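Scroll down for the structure; my scribbles are underneath it.
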4 protein chains.
Amino acid sequence: MIKVGIVGGTGYTGVELLRLLAQHPHVSVEAITSRSEAGVKVCDMYPNLRGHYDTLAFSEPDAKALGAMDAVFFATPHGVAHALAGELLDNGTRVIDLSADFRLRDANEWSQWYDQPHGAPELLQEAVYGLPEMHREEIKSARLIAVPGCYPTAVQLGYLPLLEAGLIDPSQLIADCKSGVTGAGRGAKVASLLAEASESMKAYGASGHRHLPEIRQGLGDMQSNPVGLTFVPHLTPMIRGIHATLYSSLIAEPGDLQTLFEQRYANEPFVDVMPAGSHPETRSVKGNNTCRLAVHRPGNGNTVVVLSVIDNLVKGASGQAIQNLNLMFGFEENMGLSAPALMP
Amino acid sequence: MIKVGIVGGTGYTGVELLRLLAQHPHVSVEAITSRSEAGVKVCDMYPNLRGHYDTLAFSEPDAKALGAMDAVFFATPHGVAHALAGELLDNGTRVIDLSADFRLRDANEWSQWYDQPHGAPELLQEAVYGLPEMHREEIKSARLIAVPGCYPTAVQLGYLPLLEAGLIDPSQLIADCKSGVTGAGRGAKVASLLAEASESMKAYGASGHRHLPEIRQGLGDMQSNPVGLTFVPHLTPMIRGIHATLYSSLIAEPGDLQTLFEQRYANEPFVDVMPAGSHPETRSVKGNNTCRLAVHRPGNGNTVVVLSVIDNLVKGASGQAIQNLNLMFGFEENMGLSAPALMP
Amino acid sequence: MIKVGIVGGTGYTGVELLRLLAQHPHVSVEAITSRSEAGVKVCDMYPNLRGHYDTLAFSEPDAKALGAMDAVFFATPHGVAHALAGELLDNGTRVIDLSADFRLRDANEWSQWYDQPHGAPELLQEAVYGLPEMHREEIKSARLIAVPGCYPTAVQLGYLPLLEAGLIDPSQLIADCKSGVTGAGRGAKVASLLAEASESMKAYGASGHRHLPEIRQGLGDMQSNPVGLTFVPHLTPMIRGIHATLYSSLIAEPGDLQTLFEQRYANEPFVDVMPAGSHPETRSVKGNNTCRLAVHRPGNGNTVVVLSVIDNLVKGASGQAIQNLNLMFGFEENMGLSAPALMP
Amino acid sequence: MIKVGIVGGTGYTGVELLRLLAQHPHVSVEAITSRSEAGVKVCDMYPNLRGHYDTLAFSEPDAKALGAMDAVFFATPHGVAHALAGELLDNGTRVIDLSADFRLRDANEWSQWYDQPHGAPELLQEAVYGLPEMHREEIKSARLIAVPGCYPTAVQLGYLPLLEAGLIDPSQLIADCKSGVTGAGRGAKVASLLAEASESMKAYGASGHRHLPEIRQGLGDMQSNPVGLTFVPHLTPMIRGIHATLYSSLIAEPGDLQTLFEQRYANEPFVDVMPAGSHPETRSVKGNNTCRLAVHRPGNGNTVVVLSVIDNLVKGASGQAIQNLNLMFGFEENMGLSAPALMP
């Protein structure tokens, strides 16, 4: 049994960590911090946790208490992990950061997109990008994990087989992505009200979104040519789920794309290549850590369309964080993550 | 490891049994029947089951194959269990019926509400009504279980402490109930389309619903006076969940109602009495077998209001069926049912 | 053409007034105030109004400018109309208040429920409660209208025929009400987020809600005995709509309830008695000023159940306000209110 | 006052015609046909029409009765208008067909996509494609109108300014489209149930959809080069609305795209170019005949992204049909179509 802490546990990724870890046989959540809710029991805030965490309460962040943990998750806005990660690592505590703090390798690029200096550039060297399908071996020995963003996870897993095989033009990629509203977090914003966001669909950030450089970096790691990506996210009237529709142009004779995808992911526990001709639904991964994929080539033409769905709070955040923890501590990779999706 | 079969597995209670049993360490689903889908793999119909039941396929109902099981669930329309249960019981297979076939003790009353003769009156004597909070001991030794309906579960658990304590007038009960649309089943009906049922609320069956005699019978078992119940169900624009708002009139000085409820359910693993003043949300039990309750006495007056929420597919059907199976086979009562609700 | 102003126009009742008045041939909206949004064009905040109000902008509240109007609507939180109504009336401007400021005739009772002194008790004498089905003649000559609340409108119209006819016991009324989330206003609250409020149902205010005294007063005006009412509102996962399910006990032989309702409302342009056996849907009045009713007597017993649906923003607020304005200024009662509901 | 009939009035485009025409001062709906519902009053099927069409009932299709109309709308599955249009035209009745029967100019291409012979190729010559922004003058004098499909309307209006100006490569177009569920019609299909389609997002028809040839033909009419289009529609959990996200590559220096769009649509009553940087929401056109557009050039690069939203039942079907009727009969183009969208 290992001891873990969660920093910033009041948001959706925090409660989702608690939900999933309640089913993990080798993890005990010993601390969860929140300045605003210090003293409140987690089950008073999230009644679904009644009977599962009846005594755990939010506490003030305390580096010493966190340093007594085997691992600490950061479920915080950007900037917080910068300030605390170094001290925890020095204490021998492993850090799994769900925020954007260590996702970009280039501190300057980070500063541009987040409008502030990078707070811990000295840690960038050792941070491992926690996409197991790309970096499983580095993750196993990592001390500091940057858990990928939700859109980047769905997009990278969709393009990965095509880019590794050199079949598509990396300079002409289009990722049209649709996300449920939990992607916008638990903040009280008018635009996220049921009265505003349901019965409607809209794009946002069409001229630039913070996940763009992260995706570009990841796609760049899959092959050696410059990446040109147009990324348009959309707000969809549902609670959970991301649907990425990925367009690309063939630059080589592709052979059988279905086989390519099936072989690339044959041993991946959390990537499911659907049968040829399928259209995966986001609800098929609701509450679950799987990414489901389908690949199409309309009219047998030059364009390849990949459909990629995940639960933004699970494979897109807290589930993937636990998958990383399992790899880091030598547990079965699917420990705590084995329940089927909730459908209907 | 026990072997179980499911008759009529294409509906929502069927897939929900599969979802929950995938997490049960001592149960193996060996057969699932469907005339219309015979030959189809369950994971082709329900992609959330991919990776969990990769070979299980629907088969034609076959009494012999089913008779080789330790237990068989009926997730069928009414009438089907009547025809098959007797033979299975004779073979030593226990029967857990999620339909209405054995819920009413009086075959004539059953006939009236279901417009056909009762098909197995000889089994009524031994059928046990599978509400563990009322009949746990009989369930343990039962061979044939009638799993309660969804509305009856929410309503009975809400009134139980009050009626047992003789505090309210059983002749003047009003149960105003709101259900998600899965309560109407997976049939393709215009009224259940998203375009018809979302962004709207309506009552139905205001002049009489088949759950009424079942609830009346259950409430009658809690005390000795005649029951008068007005029951109005409503269709609510959500997938899962029942919210029962239960009104009754005090006939005795009640003392502390909060304490009464907490004590009555102190040892119940699947009934959660919320703190005084609470308003339970159906989402707090989404995918979960808990019934959450709160009791109010507005203005300290003569009316008691109980708020009772369940997931209609779990505590209102498949979860409760597994809870019964656990009791019948001596497993921990919460086996396969321990995951927290999905929230948000 | 009359000139009207709207005080506090950024909330849902404000934009709904604008939407409906865009179709009114005899009304010109000349001013709309908002401290927080002064200077912003209404169509920049509400793009559905582009092409309808291309120049109208929010302005600072200014009693002089408002005093130049023929009528002013208050779409404000409580307390604001108290402060401004008197001066406007002195200027000859008629006031139609959508807030709670003048709904209760008893200033002390108002103070108790709203936790502050009543700010204009001298105006209570002349304020008319703007439920046309009860007070049409007074409305025609009124200078100050208190537009009924949303729940009170649905509940009063449902009980009205029964109470006027002396058929039910006014001391034992139960109103179980379900509202869409716009009833909670446009404030940015976590509980109103799509991620929190959709896919769920919950009660609130079970121990006391500010609409209770208003309903009690209204029901008291329909007959001469004391009113005992249990009122439980519920938050429903939809944008618009109220469904009131109204329970009462017969104290006299009722005759034909269907006929009673049809006759009572035969000449009412905005009350629609559905055929016997109906279950009105809230979507049948989406965007529309109608209240649809159905009356049931389950099992021909002692309990009468009335189902009453309105759009909380139309008949429950802005539409009813315009209906009042039409009566006050001698326009056809349905002017600007004649479009059918949006369905599906 | 002109007399109109509706063939096939039980679907969503039929009831939407009735809803909109209820507000049209110069149109009287004299007949509405449905084989399955003959004899049923329209307001019994659609309670939102109570008080608006209290006597109109569905009748058996009857060419003679329809021939007495000034105009007939076909709100039918494909093939029906083929059979009846010719006779009506011979009688002097104008035909406005909301189905796909006359949208493709090439009868052979029609046959391929609809798997049956074209039933009225002799009428193709005179059929006018009813997109007023492209063909207003022909519409005015037309006898037979093919109302554009929902996706084709949103896509064509988005690409029109760019293609007419020769700024983008017509051979590399990608239209990623999201539709509410009414786009799938009122048929009782499992996939359209609230329990299946809400809380989820999925693509469909990724390998080929019947709207593809229609869009291709329309885009071809805007310029002289061959069109290459990838079109992927998605099912979105909302009732109404289409959001088209349109990608294209610049082939010429574009100048100011915002100005280009504003000028192209300056005189169009039903196309609204939003301010630069906007992201139109589908709810901003709910129930309304407007197409709202925004144009983006992410990172000032080579890709242009157009966001285009319509209500699929209004500008995507019934509203556009009425817009055509207004043009054909010399009414104001926005007659019956002037109400603002319902928001929230």
Side-chain angles (χ1 to χ4, degrees), chain A residues 172 174 176-180 191 193-209 212 228-232 234-243 245 247 249 277-284 286 294-305 307 309 342-344, chain D residues 172 174 176-180 191 193-209 212 228-232 234-243 245 247 249 277-284 286 294-305 307 309 342-344:
Chain A
Q172 299 277 3
I174 291 174
D176 188 291
C177 295
K178 301 89 177 166
S179 174
L193 297 178
L194 193 157
E196 304 280 324
S198 78
E199 279 299 301
S200 195
M201 181 87 189
K202 67 167 178 177
Y204 64 101
S207 40
H209 183 282
L212 179 61
L229 171 70
T230 301
F231 165 56
V232 180
H234 298 73
L235 189 66
T236 308
M238 58 188 186
I239 298 175
R240 289 167 179 254
I242 283 180
H243 188 292
T245 312
Y247 302 89
S249 298
S278 294
H279 299 88
E281 304 172 80
T282 61
R283 68 183 185 128
S284 79
K286 190 164 53 182
V295 56
H296 292 257
R297 190 180 170 191
N300 220 26
N302 197 48
T303 303
V304 177
V305 179
L307 311 174
V309 301
L342 189 73
M343 179 177 155
Chain D
Q172 299 277 3
I174 291 175
D176 187 290
C177 296
K178 301 87 177 167
S179 175
L193 297 177
L194 193 158
E196 304 278 324
S198 76
E199 278 300 302
S200 196
M201 182 85 188
K202 68 167 179 177
Y204 64 99
S207 41
H209 183 282
L212 178 61
L229 171 69
T230 301
F231 166 55
V232 180
H234 298 74
L235 190 66
T236 308
M238 58 188 185
I239 299 175
R240 289 167 179 254
I242 282 181
H243 188 294
T245 313
Y247 302 90
S249 299
S278 295
H279 299 89
E281 305 172 78
T282 62
R283 67 183 185 128
S284 80
K286 192 163 53 181
V295 56
H296 292 257
R297 190 179 170 192
N300 220 24
N302 197 48
T303 303
V304 176
V305 179
L307 311 174
V309 303
L342 190 72
M343 178 177 156

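In what follows, every heavy atom counts, from backbone to side chain, and hydrogens, waters and symmetry copies are set aside. Remember, it's a predicted structure, so these values are computed and weren't measured experimentally. Naming: A, B, ... by sequence-line order, numbering from 1 per chain.
- Residues D/Thr230 and A/Pro298 come closest through the heavy atom pair CG2-CG, 4.3 Å.
- Residues D/Ala191 and D/Leu235 approach most closely at O-CD2, 4.5 Å, considering heavy atoms.
- Between chain D and the residues A/Arg283, A/Met238, A/Lys286, the most heavy-atom pairs under 4.5 angstrom are made by A/Arg283.
- With D/Glu199 contributing its side chain and A/Ile239 its backbone, the two residues share a donor-acceptor pair below 3.5 Å.
- Per-residue heavy-atom pair counts under 4.5 Å with chain A were compared for D/Arg297, D/Lys202, D/Lys178, D/Met343, and the maximum is reached by D/Lys178.
- Taking D/Gln172, D/Glu281, D/His296 one by one and counting their heavy-atom pairs under 4.5 Å with chain A, the maximum is reached by D/Glu281.
- The ring-ring contact (aromatic ring centres under 6.0 Å, His included) check on D/Phe231 picks up D/Tyr151, D/His209, with sequence neighbours excluded.
- Here D/Ala203 pairs with A/His243, A/His279, A/Leu307, D/Val232, D/His234 under the side chain to side chain contact (heavy atoms under 4.5 Å, CB included) rule; sequence neighbours left out.
- Ranked by heavy-atom pairs shorter than 4.5 Å toward chain D, the options A/Thr303, A/Thr245, A/Leu193 are led by A/Thr245.
- Comparing A/Ser200, A/Pro280, A/Gly228 by how many heavy-atom pairs each has under 4.5 Å with chain D, the most go to A/Ser200.
- Of all the listed residues (A/Ile174, A/Val305, A/Thr282), the one sharing the greatest number of non-hydrogen pairs under 4.5 Å with chain D is A/Thr282.
- Across all non-hydrogen atoms, the minimal contact from D/Pro344 to A/Ala195 is CB-O, 3.5 Å.
- A/Pro237 touches chain D through backbone and side chain together, each having a heavy atom under 4.5 Å away.
- Interface remark: A/Arg240 contributes backbone atoms only to the contact with chain D (heavy atom separation under 4.5 Å).
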